[in-house]
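For reference, the structure is listed below as structure tokens.
By convention in this document, chain letters (A, B, ...) are assigned in the order of the sequence lines, proteins followed by strands, and residues within each chain are numbered from 1.
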Amino acid sequence: MSRVLVGVKRVIDYAVKIRVKPDHSGVVTDGVKHSMNPFCEIAVEEAVKLKEKKLIKEVVAVSCGPTQVTETIRTALAMGCDRGIHVEVSGKDYEAMGPLQISKIFAALAKKEEASLIILGKQAIDDDCNQTGQMTAALLDWPQGTFASEVTIDGEKVKVVREIDGGLETIKISMPAVLTADLRLNTPRYATLPNIMKAKKKKIANMKPADLGVDMVSRVEVLRVDEPPTRLAGVKVETVDDLVAKLRANGTI
Amino acid sequence: MSFALRPTRSLYAHLTTSNFVQCRTIKKEHTLKSGGWERVIPAFRSVCGEDGVSLGEAVREQHGRDESVHRCRPPDVVVWPRSVEEVSALAKICHHHHLPIIPFGTGTGLEGGVGALKGGVCFSLRNMDRVLDLHQEDFDVSVEPGVTRKGLNSYLRDTGLWFPVDPGADASLCGMAATSASGTNAVRYGTMRENVLNLEVVLADGSIIHTTWLYTSLVTLPGLKQKTSAGYNLTNLFVGSEGTLGVITKTTLRLYGVPEAMVSAVCTFPSVQAAVDSTVQVLQTGVPIARIEFLDDVMIDACNRFNLLSYPVAPTLFLEFHGTEKSLEEQVTVTEEITQANGGSDFSWARDAETRGRLWKARHDAWYAALALRPGCKAYSTDVCVPLSRLPQIIVETKEDLMLNRLTGPIAGHVGDGNFHCIMVMDPNDQDEVIRVHEFTERLARRALALDGTCTGEHGVGLGKRALLREEMGPLAIEVMQGLKTTLDPKNLMNPGKVL
């Protein structure tokens with residue numbers, strides 16, 4: 001029986017209208033509703049389902065960031081994870097934190113916790129990187145089943161049905177492995193009040209990246225953030241001839 | 001136009017063939033008189049900003065219709081206020097210039113409530129979309145009119161709370177308050193009437209009132225009261241007023257804990273009587289069933305075709321139970337005993353979210369499944385509601401009426417509340433059929449009234465049921481309602497031509 005690490009990221013809620021900061025250094029996050037990344041919710045649900053089927057023993061929810069991320073960990077605990085790990089990162093390190101740093105943290109934790117599976121969301125809705133799962137597998141030299149829409153554990157192997165451009169690809173990989181959850185993997189459960197109350201009693205361990213031997217230096221610097229250009233008004237014409245003339249004039253035909 | 005008592009023919013006038021065309025041709029130039037509008041439009045722009053006012057034809061058409069069969073009645077101008085202060089300022093302008101005010105939420109109503117019969121100003125409230133003051137321990141939350149039901153439940157998903165009133169559409173919550181909406185969950189959680197705790201309303205003259213307690217500021221306050229005996233019940237006066245007494249700009253809703261577990265089941269019966277009798281008996285035994293929906297054989301057949309399912313074509317009940325694991329076992333056992341005693345089939349089960357979703361898809365797609373029975377036709381939903389004890393009788397009589405008159409009217413209903421809908425599918429170009437449908441709906445409404453029921457369980461009175469309202473309430477009650485309307489809106493600016 002095994003232990004699963006699940007990554008949960010605190011992001012701006014998907015329903016919020018994003019605004020760019022006046023100094024173009026990033027987006028406005030103060031006072032804005034945050035919640036668990038939707039793909040992370042799916043990852044948590046899959047891990048909890050595996051535990052309910054008694055295929056794995058323990059689910060550990062992990063999040064990296066400042067104090068607020070413990071809220072996200074608590075939601076994962078309310079959904080059924082057994083305990084949490086809060087890797088504390090704040091200030092400039094947090095702003096510069098990206099898939100490379102996270103994957104180093106997960107690789108270190110996987111060894112420390114002797115995990116047999118790491119389940120992550122396929123990507124975060126704020127940066128859309130889609131890199132953390134893949135990098136983590138590379139650092140650990142573990143097989144990876146990404147864009148999973150179906151996961152079946154079969155002894156020491158995992159059968160993963162992956163969503164790819166042409167359709168579905170089924171692979172069989174041996175554990176330990178990294179999986180990333182795609183949209184159709186499952187429908188995450190709602191946290192119920194009794195479970196939220198139980199979650200308050202579950203343990204969340206606190207540590208720093210340095211405790212895991214991870215260096216948070218980023219090789220990426222964000223220069224500027226801009227909104228997409230506003231859509232220009234269209235031009236109406238009266239007749240088909242006018243349309244053809246205009247298309248000719250601007251070189252389209 | 002005068003809105004004095006009219007004979008039944010007024011209902012028919014709204015349902016003539018031409019009315020089923022989605023939108024009439026609108027004249028290219030606005031029907032605006034010079035002088036008056038030239039002062040008013042800039043005044044609107046100074047309140048809502050340049051982008052907050054539109055005279056565009058397509059925009060006005062969009063705001064002149066909802067999901068009913070009533071034809072499009074566009075307003076003269078659409079405005080988008082961003083705060084209650086802006087709503088009040090706009091209302092003051094309209095009041096000064098005698099302009100009708102039509103509040104618009106999501107346009108998902110089913111009774112033509114947003115049609116601007118006398119033209120006027122449509123207040124489109126979708127930009128006021130904040131969720132405010134969530135009090136998790138008090139189980140309440142306040143929302144502005146742009147927040148929809150699904151939007152709120154998504155916002156609440158990490159809190160363990162939800163707002164269960166589910167009319168099907170993803171409607172504006174303030175709009176649901178205005179029409180006193182209900183839905184599939186009403187049998188367990190009640191309708192809007194039971195779940196609206198407080199309202200902020202802008203009256204026709206621009207005054208802002210709070211109906212149960214004063215909203216003081218945006219800062220979260222502890223311990224807002226849910227129970228009170230103080231003063232007249234203004235909150236429930238405005239719930240269901242359909243925009244005729246004021247513009248609802250904020251509503252406080254009662255929330256519930258998300259159920260620990262849910263189980264859904266489908267059961268078929270040898271007859272309508274057996275299905276409805278089972279419903280009545282389940283409720284009588286006190287099972288706190290969450291959803292109990294009836295679909296008749298015509299409806300099931302339509303659903304089978306539309307969703308490629310293979311449910312037996314017979315009167316069917318869709319059931320849903322909410323609770324702890326243990327209480328679910330109990331609820332289900334008791335219910336199964338009852339259905340089997342009435343000749344019901346074995347239950348088809350669903351426990352996890354995905355399977356339950358598939359099970360309920362058949363019921364949720366009922367409207368489209370009915371339309372798909374006769375492509376090219378339009379659909380109109382009846383909405384009568386009777387005491388439970390009369391439900392078997394009215395459904396059986398209604399089905400006989402449908403068959404006798406060769407009408408396509410699959411039935412789907414919230415039988416737990418005694419409420420059912422006949423989805424009348426008709427060809428808008430077939431005058432004879434349109435007349436037969438109209439006469440059928442009148443007979444149905446009167447049949448319900450005769451059985452101590454109501455002509456509208458949840459959709460509202462809107463445009464088409466005003467005469468039936470008079471029959472249902474009687475002249476004295478109508479007079480009192482008219483008196484209240486005159487007190488709150490002496491110039492009759494608030495959504496004229498609806499309800500009364």
Side-chain angles (χ1 to χ4, degrees), chain A residues 8-17 31-38 40-42 44-46 48-49 52-53 61 63 68-81 125 149-150 183-200 230-231 233-234 236, chain B residues 51 56-58 82 126-134 136-139 141 143 146-164 170 218-220 255-262 322-328 350-361:
Chain A
V8 296
K9 185 177 181 185
R10 180 174 183 267
V11 297
I12 296 179
D13 188 86
Y14 75 86
V16 167
K17 254 179 283 225
V32 168
K33 180 168 205 275
H34 284 65
S35 51
M36 191 191 294
N37 180 41
C40 300
E41 287 178 350
I42 298 175
V44 171
E45 175 66 26
E46 196 61 22
V48 172
K49 272 202 167 85
E52 285 171 348
K53 289 186 203 156
S63 192
Q68 292 95 317
V69 307
T70 50
E71 287 163 21
T72 314
I73 301 177
R74 289 267 171 230
T75 307
L77 295 173
M79 285 171 73
C81 296
I125 60 170
S149 67
E150 202 182 306
L183 194 60
R184 278 153 283 272
L185 181 55
N186 59 48
T187 310
R189 64 196 64 193
Y190 285 115
T192 62
L193 282 174
N195 286 341
I196 291 176
M197 294 190 316
K198 278 186 216 153
K200 290 194 181 138
T230 39
R231 220 175 130 177
K236 274 192 186 171
Chain B
D51 303 339
E57 190 182 314
R82 294 158 296 197
R126 67 160 190 247
N127 288 340
M128 293 173 64
D129 62 358
R130 290 174 306 172
V131 175
L132 308 158
D133 293 341
L134 167 62
Q136 290 190 37
E137 279 151 23
D138 293 314
F139 284 50
V141 67
V143 296
V147 179
T148 64
R149 167 182 78 81
K150 289 186 186 171
L152 176 63
N153 281 328
S154 170
Y155 185 95
L156 296 172
R157 68 190 185 279
D158 294 335
T159 59
L161 300 171
W162 71 317
F163 186 66
D170 189 17
L218 293 177
V219 173
T220 308
L255 299 173
Y256 294 76
V258 171
E260 271 185 52
M262 297 192 203
H322 294 176
T324 61
E325 295 284 354
K326 285 207 176 116
S327 80
L328 283 186
R351 271 196 162 264
D352 60 272
E354 289 102 338
T355 326
R356 269 188 291 115
R358 276 202 296 276
L359 203 79
W360 280 97
K361 193 166 173 18

Check your understanding: For the candidates A/R189, A/R74, A/M79, A/E41, which exhibits the highest count of non-hydrogen atom pairs separated by less than 4.5 Å from chain B?
Key -> A/E41
Review point. Sequence neighbours excluded, which residues qualify as side-chain hydrogen bond (donor to acceptor under 3.5 Å, both in side chains) partners of B/W360?
Key: B/S264, B/E320
Point to revise | Those residues that, when tested against A/I196, pass side-chain contact (heavy atoms from CB on, under 4.5 Å) (two or more places apart) | key: A/A78, A/A191
Exercise for review: For a side chain to side chain contact (heavy atoms under 4.5 Å, CB included) with B/V141, tell me which candidate from B/D133, B/T159, B/L255 qualifies.
Suggested key: B/L255
Check your understanding: What residue in A/A15, A/P194, A/P188 has the most heavy-atom pairs under 4.5 Å with chain B?
Key -> A/P194
**Study point:** Lys/Arg N to Asp/Glu carboxylate O, A/K17 vs B/D129, below 4.0 Å
**Key:** yes
Practice item. Look at A/T75, A/N195, A/T72 and state which one has the largest set of heavy-atom pairs under 4.5 Å with chain B. Key: A/T75
Exercise for review: Check each atom of A/E71 against the heavy atoms of chain B and say whether the ones under 4.5 Å are side chain, backbone, both or neither.
Suggested key: neither
